[in-house]
Amino acid sequence: MVLEWSKIEEKWRKTWESLHIFEADINPKREKYFLTVAYPYPNSPQHIGHGRTYTLADVHARYMRMRGKNVLFPMGFHYTGTPILAMSKRLAEGDEELIDTFNRIYGVPSAKIEEFKEPLEIAKYFHEEIKQGMKEIGYSLDWRREFTTIDLQYSRFIEWQFRKLRKTGYIVQGSHPVGWCPKDGNPVGQHDTLGDVEPEIGEFILIKFNLDGCLLPCATLRPETVFGVTNIWLRPDAHYVRSRVNDEEWMVSKEGSRKLGYLNLKVEEMERVKGSDLIGKWAENPLTGLRVPILPASFVDPKNATGVVMSVPGHAPYDYQALEDLKKKKEEFSPYGIDPKLLDSITPISIIELEGYSNLPALDVIKKMAIKSQEDPKLEEATAEVYSREFHSGRMKTNTMQYVGLPVSIAKERVKEDLVKSKKGDIFYEILNRPVVCRCGAECIVKIFENQWFINYGDENWKELARDCLGHMDIVPEDLRPEFEYTIRWLRQKACARKSGLGTKLPWDREWVIESLSDSVIYMAYYTLSKYIKSNRIGPDQLTNEFFDYVLLGEGNLEEVSRITMMKEELLEKIREEFRYFYPPDSRHSGRDLVPNHLTFFIFNHAAIFPPELWPKQIVVNGSVLMEGKKMSKSFGNIIPLREAIRKFGADPLRLAILSTAEVSQDADFSPALAKSLNGRLERFYEFAIGVIDLQDDYEGARPSNEDRWLISRLQSVVKAVTEAMDKLRIREAINHSLYELDQDLQWYLRRSPMKGSPRNNKAMARVLKDLVEVRVRLLAPFAPYLCEEIWERMGNDGLVSVADWPIYNEKKVDEKAEEVEEMLMRTIEDTVNIIKVKKIEPNRIYYYTSAEWKWGAYLKSLDILETGATDIGGLIKKLTEDVRMKKVGKELYKFVQRIYDELRGMPLEMRQRRSRVRALDEFRVLRDSTGFLEKELNAKVEVYREEDGERFDPMNRAGLAQPYRPAIYIS
RNA sequence: GCGGGGGUCGCCAAGUCUGGUCAAAGGCGCGAGGCUCAGAACCUCGUCCCUAAGGGGUUCGUGGGUUCAAAUCCCACCCCCCGCACCA
């Protein structure tokens, strides 16, 4: 039999919807549980990886619901941001790669892609796609509260949040450098660039050498080497521009000149010259006053910074090598009017002392690496070495003015500061890993973004509040707490708005759109409002500041708020009540990647806006999903869309497969084989359950056997273990117990009590099995809700298992003795098999000899003695022989105690106590009653004797080896 | 560089806080047997090495240490992964 998942799924999905069981409203009689998970960004379909976070949250929601909580589990859609716009643009431009992705991987029909020229169409399309998938996989969401972050009403909410933050002084304005696409006129992040390169912004120092009144700003990362400058490098074949820059005249490369504007300098181009026209002229070092010649070098890149480079041959390998190259072919440079003698006269200046190197570290490294020309790529490495060594252990020499004796790392900062202060230098931001190319094809540059709005997470008072909030929260898994603490510590100002993208405009500065990590931090509160906003058709104009102040903070006068918002007082009160009922969030689920940003902002913003009693209580963080051990990625082609996976494997097996391979914080590994095997396991459970349901359920006169009591008892420990695991969200462990270990117990039970003939003959067994199915179907319901509903219904229950009560651990049903007996039996079989294996014999008859009574006496007494304190073996025997009956046993006792001593001592305390409580087992009876079972298991005749039975058959005299819990064995 | 996580018997992965039935759960893979016309599925057993009757030996990144006892505690070292922002 194969389950038709799609049919079962559809049936129950419809039932859930029509009965509205996942819609939560105020119910003062029931305790609420408010759980949210990060809403999706609809720019692609969900895949299995997304499924993990949501499925985990759903399992959590379903569990709490079964625990009797009034669970609110809602969902929204995060439209805010720029990627959808960028995608739309690329599609409109006919980007083959993206079209192919949409077509082939996302399965979007070509006609639809046409419509995607309108960005909102993309969002709407994937919104529906994702929502459909969430329904299909069985998430127990309250869809009435759904919204998108560009709904006008939501915008009013975000505006309120931002006014609130600004009023508290947490919003500040400032300037900072960003990676920038000059064509798009937008900041660029990693996802905006070809090859997903993050633009690295570096700080060059411009040192302004004076060339006859015009300044030559040499760009350097090492301003402290200004004392070692012997000349200036220009690229002879490049174009340079003389411009008026603010109040000065500058000479920089054509490309560099363009960048100056983006760095907020006023640039007015005056004259273009070729590099070669400047070669041979002299410029003055602004710090030392030394005049140095301008020389040609091919390694100079006019596209990098200003295209003007100062030459420090003593400490910069490039400079040294370029000078050498020049000296080798002086003649070639006569057209520039350079006197060959001049070249010879230029010698490197040593300004930094570095242990392990000569005066000229640059030369040392060039020699070491056997570099022959300035075109040699090894020069990069050489530069890095000199830079790093000098930075960390170099000291400034006596020829460095007021910086003498300083470590290079400090001198570098000082020189920079002094240069900038005295206007002899400037800061110039440049992309270090250039070229970084925007997806539009233009090369990215650095722009100083002016008047940028920031949320000031660097505010110490705010940080204190955030720490306070975090300190009261439950973090699952707990090991992630340090990461939150660290993030709170290093967070500084965070740009919170940009000039483009979907979202809410800053209420006080409409040019700016609030960016996505800032409009998604307290929206959980909005779920409690959106239900009313939708059902009462409340318009954005009604959602004034007063509205939110009243509803969310209880501030203001009801009458007045009612007047301003044109809402009835009752309605306002009702909304306020709903918010107060559900808030704060009891649990927030999200992926690991959001810890250093979203989740920490979530803490900050709650701490800033809400009073402590409304601060969130828990964060649950989960790892990602690997596909058969590999990271999922488009280039591997191993991304399975969620809906496809549901169709292929079934929702329930898929849910289990995503959750069962790793605990929450670890990365889970998905494999189709696993999903299939889970499918099989669920099918078997289904078949088994159906079979059990048909058993006669007249329990009268049922007398449970030991194995019945054992299974009942085991079931209780499974209930206990699963419940404890679920409380800690140790989902994997819960699945392990309810799905795998319980199955093993069941297999043993069925072997022990085969349904011989008609199972109707065994009423006790029917009862046990029914109990088991009844409990198990509920234990599995959060994981495999569809199948469990189906079985639950077949069992004749009226209600739905989704809202049934979670099984309660019943200590009364625990039977320690039954468990010990079964374990003894298993152990005996194991030992027997072991002997058979080692001896390589085909057994005819197997004889068991159970321990003499005195051994049980000594065994139990020993347990008690060892429990009260550590005793050595001598002490133990001494104590035992205080008993006269033991004394009579004599030498046998010594031998026996010697054999059990180590075993007892190594035994876990819990087990010792249990065996002590259980007292003696009637092993003889247990084994004799199980003879039939043992014979079948071992495929031989079985006989059982007591050790003290004088008539026993014992040719090898093995009976004496018997120990409690370990009958002696003889095999013939 | 700073911060976080991790290295366990073919692979994945529990166990580590709270030392002791831990040669170490579970899954996958592999092997044998059962079932079957056959196969798949399923069930049972096995899957570090040795074994002489239920036993022994060597294992949990590496090297030391503490302890009657260490995967687990302490010290040092090696290796791997992730984050460091204006972006969802």
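Lettering follows sequence order; numbering is per chain, from 1. In this text, all values refer to a predicted model and were calculated from it rather than measured experimentally.
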**Fill in**
For nucleotides 1-13 of chain B, 5' to 3', base contacts (B), sugar-phosphate-only contacts (S) and non-contacts (-) with protein non-hydrogen atoms under 4.0 Å give -BSSS------SS

**Request:** Using atom CD of A:Q744 as one end and atom C1' of B:G26 as the other, report the distance to the nearest whole Å.
**Result:** 8 Å

**Integer angstrom distance from the C1' of B:C60 to that of B:G6** = 14 Å

**Request:** List in chain and number order the residues that pass side-chain hydrogen bond (donor to acceptor under 3.5 Å, both in side chains) with A:R958, two or more places apart in sequence or in another chain; answer none if no residue qualifies.
**Result:** none

**Between B:A88 (P) and A:D519 (CG): distance, integer Å** = 9 Å

**Asked** What nucleic acid atoms does A:S677 come within less than 4.0 Å of, heavy atoms only: base, sugar-phosphate, or nothing?
**Response** sugar-phosphate

**Prompt:** Reckon A:Q493 touches a base, only the sugar-phosphate, or nothing at all at heavy-atom distances under 4.0 Å?
**Reply:** base

**Message:** Rounded to whole Å, how long is the line connecting atom CD1 of A:I488 with atom C1' of B:G83?
**Reply:** 16 Å

**Request:** Answer with base, sugar-phosphate or nothing: what part of the nucleic acid does A:G680 contact at a heavy-atom distance below 4.0 Å?
**Result:** nothing

**Asked** In whole Å, what is the span from the CD1 atom of A:I731 to the C1' atom of B:G27?
**Response** 17 Å

**Audit row: A:F670, A:F649, ring pair (Phe, Tyr, Trp, His ring centres under 6.0 Å) steps and yes/no** = CA-CA 12 Å; A:F670 178 86; A:F649 305 112; 5.7 Å; yes

**Message:** Between B:U8 and B:A71, how far apart are the two P atoms, rounded to whole Å?
**Reply:** 15 Å

For nucleotides 32-36 of chain B, print each protein N/O atom paired with a nucleotide N/O atom at under 3.5 Å, atom names and distance only.
none

**Ring centroid separation A:W462 to A:F601 under 6.0 Å** = no

**Side-chain donor/acceptor contact of A:R905 with base of B:U21 under 3.5 Å** = no

